[in-house]
**Q** 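The structure is given below, and queries will be raised subsequently.
Sequential numbering from 1 along the given sequence is applied to the chain's residues. No experiment lies behind these values; they were computed from the predicted model shown.
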Amino acid sequence: LLVTITLASCSEYQKALKSEDIKVKYELAERLFKEGKFKKSSRLFEQVVPRYRGKPQGERVTYMYGKSLFEIGQYFVAAYQFERFAKSYPKSDSLQRALFFEAKSYYMESPRYSIDQTETKKAINKLQGFINNYTDSPDLPEANKMVSELTTKVEKKAYEIAKQYNTIADYKASIKATENFLSDFPGTSFREDAMFLKLDSTYKLASKSFITLMEERFEDASSAYRTLIKFYPESKYKEEADEIMASITQELEKISK
């Protein structure tokens with residue numbers, strides 16, 4: 001019986017795909033959508049949407065098509081369809097949900113932090129726009145959580161770039177990248193790490209400088225140490241930072257003599 005039902009269902013689906021009757025396609029697509037069979041429904045909606053554009057059913061069909069695409073992981077195409085829905089039906093009761101799923105589609109496409117974060121920044125902008133426009137939305141907690149996660153990813157990428165410069169001994173670039181990082185992300189969870197990184201890079205730059213530049217650069221390193229300890233007196237880097245500061249003090253004493 002199960003095999004018979006499955007075969008009949010597949011046969012119905014194949015016939016609908018090949019049918020010229022748009023109503024047949026629409027009715028089966030909607031039924032499959034309600035049953036959670038999004039891959040099949042998306043293929044039918046793909047054929048149906050152009051035919052219903054400008055008609056009363058167009059709003060419903062376009063939304064279901066976007067949602068079907070989202071459910072099967074076609075996030076870029078889903079985002080496009082939800083954006084199109086928002087432009088075509090700005091007064092729709094489903095507008096808020098469409099904009100949420102558009103933003104979430106970009107979130108789902110955000111790559112791991114080590115990859116270029118252009119898509120992540122786009123997702124943050126979309127989610128922040130949704131948060132700003134729908135302050136009473138039931139989706140607000142999830143939207144805020146996604147923004148927080150994506151922001152941390154962007155911050156980690158920027159911090160790792162500064163750290164990489166330090167690793168390859170390009171200390172000037174590391175210092176500049178760290179300063180930009182602290183300026184761009186003042187509330188970052190990597191703030192303590194970045195402050196220590198600046199201290200480390202500044203100290204190493206001073207150590208490898210010409211004698212005429214050493215005093216000024218060791219003073220810069222000393223300043224970086226004081227800033228770290230001021231904001232994080234019990235820093236997880238305190239022991240290492242204290243050792244660096246002791247070396248800075250010794251170097252400055254040598255120079256003064």
Side-chain angles (χ1 to χ4, degrees), residues 17 22 25-158 184-185 187-188:
L17 277 177
I22 196 66
K25 293 178 185 290
Y26 170 74
E27 290 178 350
L28 181 58
E30 186 171 20
R31 175 154 61 85
L32 291 170
F33 179 86
K34 290 178 179 178
E35 293 173 359
K37 298 175 182 177
F38 300 112
K39 188 171 184 179
K40 288 183 176 181
S41 68
S42 68
R43 288 193 64 192
L44 288 168
F45 281 131
E46 184 179 8
Q47 297 179 354
V48 167
V49 167
R51 301 282 291 277
Y52 278 102
R53 197 165 290 134
K55 296 182 180 180
Q57 301 97 323
E59 178 183 335
R60 180 174 175 78
V61 168
T62 305
Y63 180 84
M64 288 192 291
Y65 180 37
K67 189 64 163 54
S68 294
L69 292 167
F70 179 87
E71 294 294 343
I72 62 174
Q74 297 290 328
Y75 300 119
F76 274 129
V77 191
Y80 171 76
Q81 290 300 327
F82 283 124
E83 183 178 10
R84 190 171 187 173
F85 176 91
K87 290 178 180 178
S88 301
Y89 309 102
K91 296 182 180 180
S92 171
D93 292 338
S94 300
L95 178 63
Q96 185 179 138
R97 290 293 284 169
L99 290 173
F100 173 73
F101 279 115
E102 180 198 357
K104 189 171 182 179
S105 294
Y106 283 110
Y107 163 82
M108 297 299 291
E109 283 293 332
S110 171
R112 64 183 184 276
Y113 82 89
S114 57
I115 306 298
D116 178 76
Q117 293 300 301
T118 300
E119 293 301 323
T120 302
K121 292 173 184 177
K122 186 185 295 184
I124 291 172
N125 289 336
K126 290 288 183 180
L127 284 162
Q128 197 60 59
F130 176 83
I131 290 167
N132 294 342
N133 290 324
Y134 299 100
T135 55
D136 58 348
S137 170
D139 294 311
L140 206 61
E142 185 178 0
N144 280 316
K145 183 179 179 181
M146 288 189 285
V147 167
S148 177
E149 180 184 328
L150 295 176
T151 300
T152 298
K153 191 185 292 187
V154 171
E155 291 172 359
K156 186 172 178 61
K157 173 69 173 179
D184 293 340
F185 307 104
T188 178

**Q** What distance do Tyr106 atom OH and Lys126 atom NZ have between them, rounded to the nearest 0.5 Å?
**A**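 Between atom OH of Tyr106 and atom NZ of Lys126 there are 5.0 Å.
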**Q** Could you measure the distance from the CD atom of Gln128 to the CG atom of Asn132? Nearest 0.5 Å is fine.
**A**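 Between atom CD of Gln128 and atom CG of Asn132 there are 5.0 Å.
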**Q** Looking at every non-hydrogen atom in both residues, tell me the closest pair between Tyr26 and Val48 and how far apart they are.
**A**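 Smallest interatomic distance, heavy atoms only, reads N-CG2, 3.8 Å.
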**Q** For Ala29 and Leu44, work out which heavy atoms get closest and say how close.
**A**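 Minimum heavy-atom contact is CB-CB, 3.6 Å.
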**Q** Under the side chain to side chain donor-acceptor pair (under 3.5 Å) rule, collect the residues that match up with Lys25, sequence neighbours excluded.
**A**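 Side chain to side chain donor-acceptor pair (under 3.5 Å) list for Lys25, sorted by chain: Gln47.
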**Q** Indicate the atoms forming the closest heavy-atom contact of Leu95 with Pro90, along with that distance.
**A**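 Scanning both residues, the minimum pair turns out to be CD2-O, 3.0 Å.
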**Q** Is there a side-chain contact between Phe45 and Val61 (heavy atoms, below 4.5 Å)?
**A**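 Sidechains of Val61 and Phe45: in contact.
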**Q** Would Leu17 and Lys40 count as a side chain to side chain contact (heavy atoms under 4.5 Å, CB included) here? Give the steps.
**A** CA-CA 10 Å; Leu17 277 177; Lys40 288 183 176 181; over 6 Å; no
**Q** Listed by chain and number, what are the side-chain contact (heavy atoms from CB on, under 4.5 Å) partners of Ala143, not counting sequence neighbours?
**A**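 With sequence neighbours excluded, Ala143 shows a side-chain contact (heavy atoms from CB on, under 4.5 Å) to Phe100, Leu127, Phe130, Ile131, given in chain and number order.
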**Q** For Tyr80, look at atom OH and say whether over 12 heavy atoms of other residues, nucleotides or ligands are found less than 6.0 Å away.
**A**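 Incorrect, the count does not exceed 12.
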**Q** Does the pair Lys67/Glu71 count as a salt bridge with the N-to-O cut at 4.0 Å?
**A**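 Salt bridge: yes.
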**Q** Which residue pairs pass the salt bridge (charged side-chain N to carboxylate O under 4.0 Å, His left out) test with at least one member in residues 50-61, sequence neighbours excluded?
**A**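 Output for this query lists Glu30-Arg60.
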**Q** Is the backbone of Val49 close enough, under 3.5 Å, to the side chain of Gln57 for a donor and an acceptor to pair up by distance?
**A**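 Side chain of Gln57 to backbone of Val49: no pair is present.
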**Q** When rounded to the nearest 0.5 angstrom, what is the spacing between CD in Glu119 and CE in Met108?
**A**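 Output value for this atom pair is 14.0 Å.
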**Q** With side chains defined as the heavy atoms from C-beta onward, is the minimum distance between Ile72 and Ser42 less than 4.5 Å?
**A**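 Result yes, sub-4.5 Å side-chain heavy-atom pair found.
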**Q** Taking only residues two or more places apart in sequence or in another chain, which ones pass ring pair (Phe, Tyr, Trp, His ring centres under 6.0 Å) with Phe185?
**A**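 Phe185 satisfies ring pair (Phe, Tyr, Trp, His ring centres under 6.0 Å) with Phe181 once adjacent residues are dropped.
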**Q** Is it the case that the side chains of Ser137 and Gln96 hold a donor-acceptor pair, with the cut-off being a distance below 3.5 Å and no angle test?
**A**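 Yes.
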**Q** Determine whether more than 12 heavy atoms belonging to other residues, nucleotides or ligands lie under 6.0 Å from atom NZ of Lys121.
**A**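 Result for NZ/Lys121: open.
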**Q** For Ser94, give me all partners under side-chain contact (heavy atoms from CB on, under 4.5 Å), at least two apart in sequence or on another chain.
**A**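 Applying side-chain contact (heavy atoms from CB on, under 4.5 Å) to Ser94 gives Tyr63, Phe85, Ser92.
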**Q** Between Tyr113 and Thr120, is the side chain to side chain contact (heavy atoms under 4.5 Å, CB included) condition met? List the steps.
**A** CA-CA 9 Å; Tyr113 82 89; Thr120 302; over 6 Å; no
**Q** Return the NZ to CD distance between Lys104 and Glu109, rounded to the nearest 0.5 Å.
**A**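 Taking NZ in Lys104 and CD in Glu109, the distance rounds to 13.5 Å.
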**Q** CD/Gln117 to CD/Glu155 distance, rounded to the nearest 0.5 angstrom?
**A**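 Answer rounded to 0.5 Å: 11.5 Å.
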**Q** Is there a donor-acceptor pair under 3.5 Å between the side chain of Ser105 and the backbone N or O of Phe101?
**A**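 Flag set: sc Ser105 to bb Phe101 pair under 3.5 Å.
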**Q** With Lys153, which residues qualify under side chain to side chain donor-acceptor pair (under 3.5 Å), at least two apart?
**A**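 By the side chain to side chain donor-acceptor pair (under 3.5 Å) rule, Lys153 matches Ser110.
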**Q** Salt-bridged, Glu27 to Arg31, with N to O below 4.0 Å?
**A**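 Looking at Arg31 together with Glu27, the answer is no, because their closest N to O distance does not fall below 4.0 Å.
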**Q** Can you tell me how far apart NZ (Lys37) and CG (Leu28) are? Round to the nearest 0.5 Å.
**A**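 Reported value, rounded in 0.5 Å steps: 9.0 Å.
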**Q** Quick check: does any side chain N or O of Ser41 sit under 3.5 Å from a backbone N or O of Phe38, one acting as donor and the other as acceptor?
**A**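 Yes, Ser41 side chain to Phe38 backbone: donor-acceptor pair under 3.5 Å.
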**Q** Does Thr151 use its side chain to pair, donor to acceptor, with the backbone of Ser148 at less than 3.5 Å?
**A**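 No, Thr151 side chain to Ser148 backbone: no donor-acceptor pair under 3.5 Å.
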